[in-house]
Colleague: 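Before anything else, here's the structure in question.
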Amino acid sequence: MQSNKHFFLLLVLLLVGTFSSLAQEDGLIPLPIKAEKDTIIAPLFPDPAKKDSIAGDSTTLKTKSGKEPLLLDKIKYKAKDHVRLSQKDQKIYLYNEAEIYYQDTELKAGIIIMDYIKNEVYAGRIKDSLGNYTQLPYFKQGDNEIRPDSIRFNFDSQKALIWNSRTEQQAGLGQLGSDAMKVYAEITKKENDSVYFLHEGKLTTSSDTINPDYYIRIRKAKFVPKKKVIAGFSNLYIADVPTPIALPFAYFPLTVGRSAGVMMPTFGNDPDRGYFLQNGGYYVPLSDYADITLTGDFYTNGSYGFRTQSVYTKRYRYRGNVNFRYENLVTSQKGFDDYSNSKVWNIQVSHSQDTKASPNSQFSASVNLGSSSYYQNSLNQVNLPLTQNNNLSSSISYSKTFPAYPSVNMSLTASHSQNTSPAAREDPTIDNIQMTLPTFQASMERIFPFAKKDGIKKGVIQNINFQYDVNARNSLTTNDEDFATAAMFDNALVGAKHRIPISTNFKVAKFFSVTMGGSYEDVWALETYTQRYELGDDGAIGSVVRDTITGFDRYNKYNMSASIGTTVYGTFNFGEDKKIQAIRHVMRPSLSYGYSPSFDQFYDEYLNNDSGEVIQYSRFEGTLNGAPSLGKSNSLSFSLANTLEAKVTDKDSTATEAKKVPILSNFNISTGYNFESDSLKLSPLRINGGTNILDNKMSINFSAGLDPYAIDNNGSRIEKFNIDNGGSLFRLTQANINIGYSIDSETFGRKKDDRDKEKEDEAGAYDYVAQSGGRDDDLFGRSDNFDDRRSGDDDKEKEGDLENPRYATKIPWNFRLAYSASYFNSARQNEFSSHSLMFSGDIELSPRWKVGGSSGYDFKNKGFTLTQLRFERDLKSFRMNFNWTPFGQYSRWYYFIGIKSSILSDLKWENRSQN
């Protein structure tokens, strides 16, 4: 009898083990966990019986004893194939596309088994007819989503055990996708709504969720959704191969939006300054509308630098940023001949106001000022194109409009212009900084005193109109040494100018437009200057002494003008059966006359006792607005504007109309005649023009100056026509030409309208920053801004991966060319002041390999211009690039490899040379 009992127990254990093994193979229950005893037995789904099946949804549950379950809300459940309620097991079995909903919890899976006594639920996968696991569980609670292989969940305690969980967490300011953190774990224990414990997990930002190209393996971790992951020993795996990059513990912020945090520095070595840490610092979000970034550099030889950057924005109101940079530059070591110590700084401010915020007032600022040598000498902002920019400029303005008739617009502006060229920096006598602190401008709208406000204006009288405007400025010039000191105001000039223009216009003989008018100006000054001749001592030659008279003074002046112009159209038809069907020529001639009297009353005289010559001068000479003219101005000027276009047969056979092709977009000629001049009455002939050809891919602009008078041996103009002096009708004094050409692989593949639309879409999706150096392209090289903390672009992976079909027939590429030449011959120099050819281009050798470069040749100085070579490699989750300037003053190189996603932007390695 005792042996029968043992046999019976052995049989029961064998059956239980067999059942458990089969259930695990089918994916119905997870492998047992040593840490916790399973309170749910998940048997194989019983054979379906129609009498035991329940169709449709159920929203109420009662136990066998009739007691209500301890739930705060009703449970809704359904399944596609079977919904079976077992009173004996006190469980509900849901099979195939099973779903359960309870409060903010949602659970979907291939199979779900719910114990309505313990309020626990189990969900797992099912096998399809091919033996593949399908319908993985989907668990959502609030905003948190998990996709595991199987899950156990208790509705009362809200605890869960999860096997092979997969979740995606948005972090920083990125969007779900390539900039989201994917969290994987073999076993996950859900402690409550906000805390999960992970065992054998993986963290990655790779878009490939099946086989990520890299991940960070964590053995144990605490996971708080949308906040952080705190892990123990962690190390980086690349292509499932462990790397020596490891940490004894790690912290991964997953905060949605902005959060304070440390910014990891870059390590390196500089031969002149020693070992360094660059761009280390701290980021602080001050509020929902503003933040601040503090970064700095430290070198072992004593050099250091710090930077602050603050960005603020409020939707529909304003946006802007404030940047300040300061660097103490130490070269070599004290005691050496090449030792030097200098300080450079730069401040940038940008502010723009939404027009909807205040339609009648506007405040804006764009400030870029600092040390003239900042961009050339900075340890960190070694931005190649900016080294070619020889000017810093700033403007801060506030404007206010009073809309009531007549409307008045007022503005207050402070401006700054700084020449940073080497010549201006090295010569302390040159005042390379010009500022206005401030400029006040006010203007009143045009008034027609002899016409109704809303009526049609006809004739000379009704078209008479006048305006009023005033301009007052405080202008000063200084240099780097005196800037931001009291000495910068020593040469300040203050003045104001009031102006009232009056004009009218009318038609003559239907085809000629006539404009007549005049202008009255009243000029104010707070300082004037008197001059006198002072004799020298002991018979020495005397000198002119200039005295400053402080106090208000003014003068007035006026002028009159008239002009007549018309438009002439000419068309030459060749026939609709010709390739060139017609040529259209439009001419706009204009003849203008101007008169201004002499204002002798504002001039005084002094006697040069040495030469006996009487010198005339004005006390307003040297003031802000200068002195009125001495002598009458009586001149006639002529201009002729031309446009030329052709009508050609369209290559597209489906086109119903001919195609218009511009031959000359503009071609202008102008000259003048001065009636008051005793000699050289004719002004030089000015010519300028431009056109676009090759389907607008090439632009050509040119200008020239032609002088009808000859010059003497000293290069001065003489009262003799050049043709009478043995030369041609006109003498070429100067000429300029600029040619730009741009082409890419898409030119031969798609229509222009499609390309333009794509460019417009790209411009709307991204904000492009000008390359600086005075250009908005990359002919001066492409920027490497080391202050930019983004490790890479947020662009999504290229569609089609390495098998992108467009590479089967063509390789994407682009090419840009610019040619510029300036010729001067005003005094028989017969030389080019500038003559250069610049070019740049990029080519994608494969969907993930891109090479490019920019260079040029200076024909005048016989040498290559700034040259840069670029190599870029897209490594899916990583980005690698190498930029090299092989020779010249700014010879350098820069290498970078790092993760694209901003979440792990500090996981990178970069190296660079120094200036």
Colleague: The criterion is side-chain hydrogen bond (donor to acceptor under 3.5 Å, both in side chains); which residues satisfy it with Asn211, sequence neighbours excluded?
Modeller: none
Colleague: Applying salt bridge (Lys or Arg N to Asp or Glu O under 4.0 Å), can you list everything that pairs with Glu145, at least two apart in sequence or on another chain?
Modeller: Arg147
Colleague: If you look only at pairs with a residue in residues 240-253, which of them pass as a side chain to side chain donor-acceptor pair (under 3.5 Å), with sequence neighbours excluded?
Modeller: Tyr215-Asp240
Colleague: Looking only at side chains, do Gln90 and Lys118 share a donor and an acceptor under 3.5 Å apart?
Modeller: no
Colleague: Pick one: which of Thr295, Thr293, Asp291 meets side chain to side chain donor-acceptor pair (under 3.5 Å) with Tyr283?
Modeller: Asp291
Colleague: Can you name the residues that form a side-chain contact (heavy atoms from CB on, under 4.5 Å) with Leu247, not counting sequence neighbours?
Modeller: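 For Leu247 the side-chain contact (heavy atoms from CB on, under 4.5 Å) partners, ignoring immediate neighbours, are Ala250.
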Colleague: For Asp354, which residues count as a salt bridge (Lys or Arg N to Asp or Glu O under 4.0 Å) partner, sequence neighbours excluded?
Modeller: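 With sequence neighbours excluded, Asp354 shows a salt bridge (Lys or Arg N to Asp or Glu O under 4.0 Å) to Lys356, given in chain and number order.
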Colleague: Output all residues satisfying salt bridge (Lys or Arg N to Asp or Glu O under 4.0 Å) with Lys140, sequence neighbours left out; order by chain, then residue number.
Modeller: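 By the salt bridge (Lys or Arg N to Asp or Glu O under 4.0 Å) rule, Lys140 matches no residue at all.
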Colleague: Run the side-chain contact (heavy atoms from CB on, under 4.5 Å) test against Arg219 and tell me which residues pass, sequence neighbours left out.
Modeller: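 Partners of Arg219 by the side-chain contact (heavy atoms from CB on, under 4.5 Å) criterion, ordered by chain and then number, come out as Glu200, Arg217, Phe233, Asn235, Tyr237.
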Colleague: Just jot down the side-chain contact (heavy atoms from CB on, under 4.5 Å) partners of Asn132, sequence neighbours excluded, or say none.
Modeller: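 Partners of Asn132 by the side-chain contact (heavy atoms from CB on, under 4.5 Å) criterion, ordered by chain and then number, come out as Asp128, Leu130.
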Colleague: Is a side-chain donor-acceptor pair under 3.5 Å present for Gln135 with Asn96?
Modeller: yes
Colleague: Under the side-chain contact (heavy atoms from CB on, under 4.5 Å) rule, collect the residues that match up with Tyr101, sequence neighbours excluded.
Modeller: Lys76, Glu99, Glu106, Lys108
Colleague: For residues Asn154 and Glu120, is any side-chain donor paired with an opposing acceptor at under 3.5 Å?
Modeller: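 Short answer, yes.
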Colleague: Quick one: ring pair (Phe, Tyr, Trp, His ring centres under 6.0 Å) partners of Phe252, sequence neighbours excluded?
Modeller: none
Colleague: Between Asp149 and Arg166, is the closest basic N to carboxylate O distance under 4.0 Å?
Modeller: yes
Colleague: Asn323 and Ser310: which non-hydrogen atoms are nearest, and at how many Å?
Modeller: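 Nearest heavy atoms, Asn323 then Ser310: OD1-N, 4.1 Å.
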Colleague: Under the ring pair (Phe, Tyr, Trp, His ring centres under 6.0 Å) definition, can you give me all pairs with a residue in residues 187-210, not counting sequence neighbours?
Modeller: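 Applying ring pair (Phe, Tyr, Trp, His ring centres under 6.0 Å) to every pair that reaches into residues 187-210, excluding sequence neighbours, yields Tyr196-Phe223.
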Colleague: Who pairs with Lys159 by salt bridge (Lys or Arg N to Asp or Glu O under 4.0 Å), at least two apart in sequence or on another chain?
Modeller: Glu191
